[in-house]
There are 2 protein chains.
Amino acid sequence: MAGTKARAREIRAYASLGRGVKSSRGIPEATVARLPVYLRALAGLADGGSETVSSDALALAAGVNSAKVRKDLSHLGSYGTRGVGYDVNYLVHQISRELGLTQDWAVVIVGIGNLGHALANYGGFAERGFRIAALVDADRRRVGEELAGVNVSHMDDLDAIVRESKVSIGVIATPAHAAQDVCDRLVAAGVTSILNFAPVVINVPAGVDLRKVDLSIELQILSFHEQRKAAMSRLRTAVES
Amino acid sequence: MAGTKARAREIRAYASLGRGVKSSRGIPEATVARLPVYLRALAGLADGGSETVSSDALALAAGVNSAKVRKDLSHLGSYGTRGVGYDVNYLVHQISRELGLTQDWAVVIVGIGNLGHALANYGGFAERGFRIAALVDADRRRVGEELAGVNVSHMDDLDAIVRESKVSIGVIATPAHAAQDVCDRLVAAGVTSILNFAPVVINVPAGVDLRKVDLSIELQILSFHEQRKAAMSRLRTAVES
DNA sequence: TTGTGTGAACAACTTCACAGCT
DNA sequence: AGCTGTGAAGTTGTTCACACAA
């Protein structure tokens with residue numbers, strides 16, 4: 001029986017995809033979030049002509065510490081050579097594979113205002129295998145406008161576009177009040193990953209991944225630390241007086 | 001001696017601002033990051049006419065669970081009433097104070113390309129006490145252009161602008177290759193908080209806070225999960241075959 | 001000798017579960 | 001009876017420090 005062993009491996013892998021399994025392939029979220037940073041750092045090192053890189057050097061380029069680099073990379077497998085380091089190109093390949101960047105993902109951007117324009121023109125999209133399948137807006141006056149080589153379509157066609165182009169990632173760049181409705185429509189059409197730029201909490205059913213980017217929240221976090229710094233120097237002068 | 005007790009309190013507070021102190025005022029980072037979300041949820045509830053809110057209701061509006069809400073709010077003090085909940089307006093006030101939103105912060109945006117335009121026109125700025133003190137670009141052709149009521153200045157004037165307007169927060173919306181230099185100039189001029197949109201790792205000296213927003217990284221994280229979902233359904237069919 | 005890979009200690013964060021106040 | 005505030009337990013993430021391979 002040739003297929004028995006492979007079959008057993010499949011079943012084990014399947015089981016390990018469930019909840020709360022530590023074994024082979026459970027890459028921690030924190031690690032996943034750093035892999036793209038390593039990838040970018042490695043691209044820079046490869047441009048600089050490096051063949052291999054140590055965890056120390058990669059850590060420096062990625063802005064983390066070397067223990068973290070080694071732990072993170074160890075989750076992908078033992079791709080390093082003791083006493084030498086990691087092969088840059090091989091590592092790029094492995095990380096890309098793990099992140100699913102060896103295939104193309106179709107993306108739709110909804111909401112072609114200021115932010116939508118900025119996102120559509122952002123070069124980093126195509127570069128990593130994210131293909132803009134469509135730009136969508138609720139305002140008929142914008143329909144037909146060309147942007148980054150793609151024509152703007154109307155919201156009414158969203159469902160058809162998602163199904164035809166097999167869009168799996170939706171980017172929401174609408175005003176806050178429209179975001180939940182847009183999200184629901186994206187999900188109904190079959191999108192399973194959403195990146196939300198609207199400053200509002202939105203809900204998705206289980207099985208759909210949602211990430212958010214929120215300028216206002218970032219500024220408020222910085223404000224907190226600014227205030228703490230200000231309070232600290234005020235106290236320091238008071239105590240030293 | 002009237003001032004002795006107040007003085008002792010100051011010194012205690014000063015000491016507690018050091019590293020690794022659990023005592024009174026050490027609000028966890030994870031909590032700080034959620035406070036702006038609560039604030040937004042509370043604004044919605046206040047608009048809806050609510051006078052008080054339970055941890056359950058607030059959790060629902062903020063997209064977290066109620067235990068987290070209670071723990072988070074307990075770090076600010078005991079502002080709730082058992083059997084009743086929290087007073088909406090009072091809580092808004094306390095969170096705003098904690099985040100330093102009761103004062104205005106001057107912000108400078110560097111890099112007036114697509115993204116810079118989107119950021120400058122983003123309404124959420126002024127709304128929370130973030131005043132755009134200046135828009136700055138390295139391209140002289142853009143200087144003088146008016147945007148959201150502010151004229152674009154040249155990079156050469158950055159230092160003077162930061163000092164005169166007491167800018168404490170800098171937003172970097174330049175191409176990647178310019179980001180580190182812009183950051184250094186901002187820090188040299190006296191900016192102590194930086195929000196970086198450029199897709200590159202930048203370094204700041206100790207004492208300066210740095211946060212980043214990176215579209216490409218977010219997409220790659222979604223890609224990872226998409227791939228995992230795809231692998232899972234592939235395995236499921238294989239096993240069930 | 002150099003630098004990876006990893007168990008073990010540590011630290012941060014989340015969730016549970018319930019005492020105690022209103 | 002209802003809901004907060006919080007110790008304690010559980011989970012995830014980080015750092016240390018060193019055995020071991022090249």
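Reminder, nothing fancy here: chain letters follow the sequence lines and each chain counts from 1. Bear in mind the structure is a predicted one, so any value in this text is a computation, not a measurement.
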Subject >> A/R211: partners by salt bridge (Lys or Arg N to Asp or Glu O under 4.0 Å), with sequence neighbours left out >> reply: B/E218

Show me the donor-acceptor pairs, under 3.5 Å and distance only, between side chains in residues 199-208 of chain A and residues at least two apart or in other chains.
none

**OP:** Name all residues meeting the salt bridge (Lys or Arg N to Asp or Glu O under 4.0 Å) criterion together with B/R128; count only those two or more places apart in sequence or in a different chain, and write none if there are none.
**Re:** none

**OP:** For residues 190-199 of chain B, pull every pair meeting salt bridge (Lys or Arg N to Asp or Glu O under 4.0 Å), keeping only residues two or more places apart or in separate chains.
**Re:** none

Original post:
Could you give all pairs that pass the salt bridge (Lys or Arg N to Asp or Glu O under 4.0 Å) test and reach residues 181-203 of chain B, with sequence neighbours left out?
Top reply: B/D181-B/R185

Subject >> side-chain contact (heavy atoms from CB on, under 4.5 Å) evaluation trace for A/L215 with B/L119 >> reply: CA-CA 9 Å; A/L215 170 65; B/L119 296 177; 3.8 Å; yes

Original post:
Taking atom P of C/dT14 as reference, at what distance in whole Å does atom CD1 of B/I27 sit?
Top reply: 14 Å

**OP:** Let me know the distance between NE2 of A/H75 and P of C/dT6, rounded to the nearest Å.
**Re:** 10 Å

Original post:
Who are the side chain to side chain donor-acceptor pair (under 3.5 Å) partners of B/S216, not counting sequence neighbours?
Top reply: B/Q220

Original post:
Quick one: B/L73 CG to D/dT6 C1', roughly how many Å, whole number?
Top reply: 14 Å

Original post:
Which atoms form the tightest heavy-atom contact between A/Y38 and A/A62, and what is the distance?
Top reply: CD2-CB, 3.7 Å

Original post:
Looking at residues 58-72 of chain A, who's got a heavy atom less than 4.0 Å off DNA chain C?
Top reply: A/R70, A/K71

Original post:
Sequence neighbours excluded, which residues qualify as salt bridge (Lys or Arg N to Asp or Glu O under 4.0 Å) partners of B/D104?
Top reply: none

**OP:** May I ask you to evaluate whether B/Y86 reaches the phosphate of D/dG5, defined as a side-chain N or O under 4.0 Å from OP1 or OP2?
**Re:** yes

For nucleotides 19-22 of chain D, give me every protein contact, N/O to N/O, under 3.5 Å, one pair per line with atom names.
from: D/dC20; atom 1: O2; to: A/R82; atom 2: NH1; distance (Å): 3.0
from: D/dA22; atom 1: O4'; to: A/R82; atom 2: O; distance (Å): 3.3

Original post:
Heavy-atom contacts under 4.0 Å between residues 29-44 of chain A and DNA chain D, which residues?
Top reply: A/E29, A/A30, A/R34

Subject >> Integer-rounded Å distance: D/dT15 P and A/D56 CG >> reply: 14 Å

Original post:
Which pairs count as salt bridge (Lys or Arg N to Asp or Glu O under 4.0 Å) when at least one residue sits in residues 29-40 of chain B, sequence neighbours excluded?
Top reply: A/D214-B/R40, B/R34-B/D72

Original post:
OP1 or OP2 of D/dC3 sitting under 4.0 Å from any side-chain N/O of B/S55?
Top reply: no

**OP:** Quick one: list whatever passes salt bridge (Lys or Arg N to Asp or Glu O under 4.0 Å) with A/K229, sequence neighbours left out.
**Re:** A/E226, B/D209

